[in-house]
Asks: 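Input: one structure, supplied below.
Here, residue 1 is the first one in the sequence, and each next residue gets the next number. For the numbers below, each heavy atom of this structure counts, side chains included, while hydrogens, waters and symmetry mates do not.
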Amino acid sequence: MFIGGGLSWVLDNRSMRALWLILLLTPVLLASAKESQITIEDTGSTNRLGVRLTFDQHGEATVQAHRGEPQQVKLDQSQCKQFLHNLKAVGSLSALPVVHCAKSVSFGSSLFVELDSDRSPDLNCPSEDPPLESLKKQAYELLGAAREKAGIPSRRTLSLQRPVAPK
């Protein structure tokens with residue numbers, strides 16, 4: 001009901017309850033609307049630069065080389081959606097079987113995938129599970145695309161300076 005010519009409003013009981021319900025549900029709705037975040041991390045090795053990639057299903061991504069500055073990049077949205085779909089189809093990432101393999105101490109690396117704080121074991125070792133191998137392939141494709149867009153080399157580069165001859 002509107003009172004007078006000013007901007008004062010009087011709400012009846014039903015309107016007041018609806019307003020309280022909206023105020024109570026807003027934080028719940030905002031929390032449930034939070035985007036899933038996917039993180040792929042390649043630890044790298046002595047001759048390969050490690051990188052961490054975090055992105056959502058829309059392809060909005062942050063990529064960071066180890067010991068580097070984070071950079072914002074845009075990845076292919078359909079590729080990101082497909083990867084998210086495949087991750088959810090796998091189920092709990094932390095429940096995936098741990099596969100062990102021999103790795104060089106200086107050249108071995110690890111690959112981890114995380115979805116909303118559910119982290120996989122190292123996926124870098126060969127697996128007999130085709131969906132797992134497919135996930136690994138997709139993860140490396142996304143990492144490669146992010147490296148390229150951010151200008152992050154996949155190999156470490158050494159800059160050697162020529163010795164200066166004494167004068």
Asks: Taking side chain to side chain donor-acceptor pair (under 3.5 Å) as the definition, give me every residue that meets it alongside S117, ordered by chain and number, with sequence neighbours left out.
Replies: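 If we apply the side chain to side chain donor-acceptor pair (under 3.5 Å) test to S117, skipping adjacent residues, there are no hits.
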Asks: Quick check: closest heavy atoms across V113 and L123, and the distance to 0.1 Å?
Replies: CG2-CD1, 3.7 Å
Asks: Tabulate below the donor-acceptor pairs under 3.5 Å that side-chain atoms of residues 79-86 make, not counting sequence neighbours, or state none.
Replies:
{"from": "Q82", "atom 1": "NE2", "to": "N86", "atom 2": "OD1", "distance (Å)": "2.9"}
{"from": "N86", "atom 1": "ND2", "to": "Q82", "atom 2": "O", "distance (Å)": "3.4"}
{"from": "N86", "atom 1": "ND2", "to": "Q138", "atom 2": "OE1", "distance (Å)": "3.1"}

Asks: Minimum heavy-atom separation for D118 and G91, please, with both atom names.
Replies: OD2-O, 4.3 Å
Asks: Going by the rule side chain to side chain donor-acceptor pair (under 3.5 Å), which residues pair with S127 if we only count those two or more places apart in sequence or in a different chain?
Replies: none
Asks: Enumerate the residue pairs fulfilling salt bridge (Lys or Arg N to Asp or Glu O under 4.0 Å) with a member in residues 87-114, sequence neighbours excluded, ordered by first and then second residue.
Replies: K103-D122, E114-R119
Asks: Got a sec, which residues hit salt bridge (Lys or Arg N to Asp or Glu O under 4.0 Å) with E133, two or more places apart in sequence or on another chain?
Replies: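 With sequence neighbours excluded, E133 shows a salt bridge (Lys or Arg N to Asp or Glu O under 4.0 Å) to K136, given in chain and number order.
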Asks: Could you tell me whether the side chain of L115 reaches within less than 4.5 Å of the side chain of S36, counting heavy atoms only?
Replies: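 With C-beta onward as the side chain, the pair touches.
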Asks: Rounded at 0.5 Å granularity, tell me how far CG in L49 sits from OG1 in T43.
Replies: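 OG1 of T43 is found 11.0 Å from CG of L49.
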Asks: Can you run down the salt bridge (Lys or Arg N to Asp or Glu O under 4.0 Å) pairs that involve residues 50-61, sequence neighbours left out, and say none if there aren't any?
Replies: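 Counting only pairs at least two positions apart or across chains, the salt bridge (Lys or Arg N to Asp or Glu O under 4.0 Å) contacts touching residues 50-61 are E41-R52, E60-K74.
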Asks: Who are the side chain to side chain donor-acceptor pair (under 3.5 Å) partners of T54, not counting sequence neighbours?
Replies: T39
Asks: For E148, does the CD atom sit with more than 12 other heavy atoms under 6.0 Å from it, leaving out its own atoms?
Replies: no
Asks: Does anything in residues 106-142 pair up under disulfide bond (SG atoms under 2.5 Å apart), and if so which pairs, sequence neighbours excluded?
Replies: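 Checked against disulfide bond (SG atoms under 2.5 Å apart) - neighbours excluded - the pairs reaching residues 106-142 are C101-C125.
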Asks: Which atom pair, heavy atoms only, marks the closest approach of V99 to P126?
Replies: CG1-O, 3.2 Å
Asks: Test side-chain contact (heavy atoms from CB on, under 4.5 Å) on D42 and F112 and set out the steps.
Replies: CA-CA 7 Å; D42 176 1; F112 300 99; over 6 Å; no
Asks: Hey, what do you get for CG (L111) to CG (L143), rounding to the nearest 0.5 Å?
Replies: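 These two atoms lie 6.5 Å from each other.
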Asks: Not counting sequence neighbours, which residues clear salt bridge (Lys or Arg N to Asp or Glu O under 4.0 Å) with K137? List them please.
Replies: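 Counting only residues at least two positions away or on another chain, K137 forms a salt bridge (Lys or Arg N to Asp or Glu O under 4.0 Å) with E141.
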Asks: Quick test of your reading: applying disulfide bond (SG atoms under 2.5 Å apart), list the pairs with at least one residue in residues 38-78, sequence neighbours left out, ordered by first then second residue.
Replies: none
Asks: Sequence neighbours excluded, which residues qualify as side chain to side chain donor-acceptor pair (under 3.5 Å) partners of E128?
Replies: none
Asks: Could you tell me which non-hydrogen atom of G44 sits nearest to which non-hydrogen atom of S109, and how far apart they are?
Replies: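 Here G44 and S109 meet closest at O-CB, 3.2 Å.
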Asks: Counting C-beta onward and ignoring hydrogens, is there a side-chain heavy-atom pair between V51 and H66 closer than 4.5 Å?
Replies: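 The answer is no, as the side chains (C-beta and beyond) never meet within the 4.5 Å cut-off.
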Asks: side-chain contact (heavy atoms from CB on, under 4.5 Å) with A61: which residues, sequence neighbours excluded?
Replies: L53, F55, V73, L75
Asks: Do Q71 and I152 come close enough that some side-chain heavy atom pair is under 4.5 Å?
Replies: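 Yes, close enough: below the 4.5 Å cut-off.
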